Amino acid sequence: MPQDLDEVGAVEAAELALEAIERLTRRQPLGVTSLSPTDEGWAAEVEVVEESRVPSTANILGLYEVDLDAVGELVSYRRIRRYARGRTE
């Protein structure tokens with residue numbers, strides 16, 4: 001199915017998700033950890049430094065879920081998890 005000219009692709013959606021989280025939280029995003037298309041646009045998960053500590057291995061990170069519409073506009077976001085850097089589930 002061809003993409004509409006106004007719709008964003010995966011790379012642009014990831015960049016927009018990073019920018020939105022940085023603007024909304026005023027925190028440093030580390031990167032997009034997942035990105036998938038939805039019926040309405042894109043769903044991304046963005047990892048963010050919530051608290052910087054010394055050493056950096058003690059940083060507290062947050063994982064945010066970001067929903068964008070087909071043209072890349074922010075629809076919603078929420079923090080879904082908070083954890084110490086290097087901790088696994």
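Only a predicted model underlies this, so the values are computations on that prediction, with no experimental measurement involved. By convention here, the first residue in the shown sequence is residue 1.
What you find for L74 and V66 is that their closest heavy atoms are CD1-CG1, 3.6 Å.
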Return all side-chain donor-acceptor pairs below 3.5 angstrom for residues 48-62, not counting sequence neighbours, or 'none' if the list is empty.
residue: E50; atom: OE1; partner: R79; partner atom: NH1; Å: 2.7
residue: E50; atom: OE2; partner: Y64; partner atom: OH; Å: 2.6
residue: E51; atom: OE1; partner: R53; partner atom: NH2; Å: 2.8
residue: E51; atom: OE2; partner: R82; partner atom: NH2; Å: 2.3
residue: N59; atom: OD1; partner: R53; partner atom: N; Å: 2.7
residue: N59; atom: ND2; partner: S56; partner atom: O; Å: 3.4

Listing, residues 8-35 side-chain donor-acceptor contacts under 3.5 Å, not counting sequence neighbours, or none:
residue: T25; atom: OG1; partner: I21; partner atom: O; Å: 2.7
residue: T25; atom: OG1; partner: R27; partner atom: N; Å: 3.2
residue: T33; atom: OG1; partner: E45; partner atom: O; Å: 3.3

Verdict with supporting geometry, V46 and Y77, side chain to side chain contact (heavy atoms under 4.5 Å, CB included): CA-CA 10 Å; V46 177; Y77 85 102; over 6 Å; no
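For the pair P37/W42, a side-chain contact is recorded, criterion being any heavy-atom separation below 4.5 Å from C-beta on.
Each side-chain hydrogen bond (donor to acceptor under 3.5 Å, both in side chains) pair with one or both residues in residues 66-75, not counting sequence neighbours, appears once here: D67-S76.
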